[in-house]
Every structure is written in structure tokens, then in C-alpha cells.
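Below: one structure, written as C-alpha cells.
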2 protein chains.
Amino acid sequence: MITLKYSRQRESIKAYLAQTKEHPTADTVYMHIREVYPNVSLGTVYRNLNLLVDQGEIMRISQGESDRFDGNALPHYHFLCTECSCVQDLNIAPGALDHINIIAGAGFEGEIQGHSTFFYGKCSKCIDK
Amino acid sequence: MITLKYSRQRESIKAYLAQTKEHPTADTVYMHIREVYPNVSLGTVYRNLNLLVDQGEIMRISQGESDRFDGNALPHYHFLCTECSCVQDLNIAPGALDHINIIAGAGFEGEIQGHSTFFYGKCSKCIDK
DNA sequence: TTACCTGCAAACCATTTGCAGATCC
DNA sequence: GGATCTGCAAATGGTTTGCAGGTAA
């Protein structure tokens, strides 16, 4: 973990994120920080968001990368290898994970209709390294 | 569902996706189709991939959109409203969903280390509409 | 002093779109 | 014939980066 120098912009970003429940995008963060530091640049916001994620102080919500396509349009789950980035189909019986919607819905005021999940780890080829 | 006109480029894309297990990106599809139709353009590949997804003939693997950030770096699950696109934290006990890694790992030759999941549906505000 | 930080603007990359012409029905 | 398709190239949108100057330690 690299030692960071103090920066008021970064502190401001962290403080804003700690206090909101909105899960803002980088651009939304930018607009809020600009109210305090009108000269802040979008580049600085991106740089600091990435630094804070690297430090484990904030969390990035995304599944990044570019879209992939699958000739099999029937619902099924995918596995992503953290080593070689390959994507593989998983053999999970249809409906076998549906119960997690109920777990997630307990104590939630909205209506949960489904979930999107992928699993990650090492594929068989990358285990042998 | 709009009626589509025949196009050899689109058929070629569909055939390629039906026969591969690679879960290719749009660019990878482009490079393969170009071997058959050297003049095909990347724009055409994107247009047809989107059409095929709309028709339900292929599946898009992604969670699109831009990244969001969360001041809470502790592992937790998120809910995404399909109406208003708001993101909310869910109250799921830590580890309450860990067992799905085991379900997913049954019959899989690689090693599953974790999963990434978000739930979707209608938030409490959007239910009342 | 010197590493790290900033604003700015340009670069980048994936994806979309406007256009004029080609193709299917 | 007319709607849908294509290739091309330019536009878009989110994100990163190079640079020259500023700031924390």
C-alpha cells in the first residue's frame, strides 16, 4: 500500500462518499466536489476515486470491461477467471439459486424480481500454474 | 418484436456465436466475421449484436453503465431499481450467500473463489406508481 | 527539496450514429 | 418501391494520461 500525501480534494471526495447513500457515479461526485472546490477537475476526481479504491477506503460498483456475447440465450450463470479472464458457462440447474432473491428481500421495502450473478476464481488451466 | 430482413452478415454473426464457447467481445466477433466478409464494418457488427440481443437470440454478458462508488468498503450487496435506476444497499448478513459458491462449483473443474451479485426489481418509491 | 498532487486539455477506447448507397421482400 | 440493411467516417461518452506548475512532508 503506497503512502499517500494529504490532499483536500481527496478528503472531500471521501467525506462526501461517507455521508451519502446515493452510490454516485464519478461525474456525480465531480459535481458535488465542485461546489466546495469550484476549480477541481474531472481528471482529479477520477484519479482520487481510483486511489481510494486501491486503498480499500471506498468500493467500486461495476463489472467493468467491455460487453461479451453468448450464443446461448437461455438463462445460465457464468464463471470469470481472474488469471486469464476467460469466461465459461456453469452447469447450475435452472432455479437453483432463486432462493437468494428471498434472502435478499427480507427487510427490504422494494420488490426484488431477480439477480445478476457471476462467479470468479481460477479456471482449470490456471490452477496448474 | 420487429420483423428483421435477412442479412448475411447477421446470419454469420449468429452462426459464429452458436458454435463458439468463447463468449467473445464485439471486437472479437468483428475479427472473425471479417474472415468471411472482409468488408464488414465494426458498426454493422455492433448493430447486429444489439438486434440479436433485442430478439432474444443471443445473450449480452455485462452490467453496462458507468461505475458507481460506495463509501462503505465492507462487502455488501446492492439493489438496482429497473424503473429509476437508483442503487440501494441491501441488509444481508455477511456470508449468508456464500453457499452459492458451492452450488456453482459442483461439477466445475476450476476453483470458485467468490461471486459478484446484484439484485434488481422495483424500489419502494417505484412500486407505488 | 522532492515526491506527490493539481488543473487543463488532449488522447483513448468502446460504442453509437448520420449518411448515401445497396439489398431484401 | 420502400423499408431495412450496409460500409464508412465522424461523433459520443466515460475514463485515462502527459504536461507544467503547485503543495505537502
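Residue numbering restarts at 1 for every chain, and letters A, B, ... go by the order of the sequence lines.
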Out of [options], which has the shortest distance to the side chain of [X]?
X: B/Ser41; options: D/dC5, C/dC8, D/dC8; value: D/dC8
X: A/Arg8; options: D/dC8, D/dT4, D/dA24; value: D/dA24
X: B/Ala26; options: C/dT17, C/dT15, D/dC19; value: C/dT15
X: B/Leu51; options: C/dC25, D/dC5, C/dG7; value: D/dC5

I need the [atom1]-[atom2] distance between [X] and [N], as an integer number of Å.
X: A/Arg34; N: C/dG7; atom1: CZ; atom2: P; result: 12 Å
X: B/Ile13; N: D/dC5; atom1: CD1; atom2: C1'; result: 12 Å
X: B/Asp54; N: D/dC5; atom1: CG; atom2: P; result: 12 Å
X: B/Leu4; N: D/dG2; atom1: CG; atom2: P; result: 22 Å
X: B/Leu42; N: D/dA10; atom1: CG; atom2: P; result: 15 Å
X: A/Arg68; N: C/dA14; atom1: CZ; atom2: C1'; result: 14 Å
X: A/Tyr30; N: D/dT15; atom1: OH; atom2: C1'; result: 14 Å
X: A/Ile33; N: C/dC5; atom1: CD1; atom2: C1'; result: 16 Å

May I ask you to say what [X] touches in the nucleic acid, namely base, sugar-phosphate or nothing, with a heavy-atom cut-off under 4.0 Å?
X: A/Ser7; value: sugar-phosphate
X: A/Asp27; value: nothing
X: A/Tyr46; value: base
X: A/Arg10; value: sugar-phosphate

Check this for me: does the side-chain of A/Lys5 come within 3.5 Å of the base of C/dA3 through a donor and an acceptor? yes

Taking N and O atoms by type only, does the side chain of B/Arg47 place a donor or acceptor under 3.5 Å from a partner on the base of C/dG18? yes

Return yes if some donor-acceptor pair links the side-chain N/O of [X] with the main-chain N/O of [Y] below 3.5 Å, else return no.
X: A/Ser124; Y: B/Gly110; value: no
X: A/Arg60; Y: A/Leu49; value: no
X: B/Arg68; Y: A/His23; value: yes

Verify the contact: side-chain N or O of [X] to OP1 or OP2 of [N], cut-off strictly under 4.0 Å; return yes or no.
X: B/Asn50; N: C/dT16; value: yes
X: B/Gln9; N: D/dG7; value: yes
X: A/Asn48; N: C/dT6; value: yes

Could you check, using the six-membered ring where one of them is a Trp, whether B/His115 and A/His115 have ring centers closer than 6.0 angstrom? no

Walking DNA chain D from its 5' end, the first of B/Gly43 and B/Phe69 to be reached, judged by nearest nucleotide, is B/Gly43

Toward the 5' end of DNA chain D, which comes first, A/Thr25 or A/Tyr6, by nearest nucleotide? A/Thr25

Kindly indicate whether a cation-pi arrangement holds for B/Arg34 with B/Tyr30, taking the cut-offs as under 6.0 Å to the six-membered ring centre and within 45° of the axis. yes

With the 4.5 Å side-chain cut-off for hydrophobic clustering, are B/Ile103 and B/Phe119 part of the same group? yes

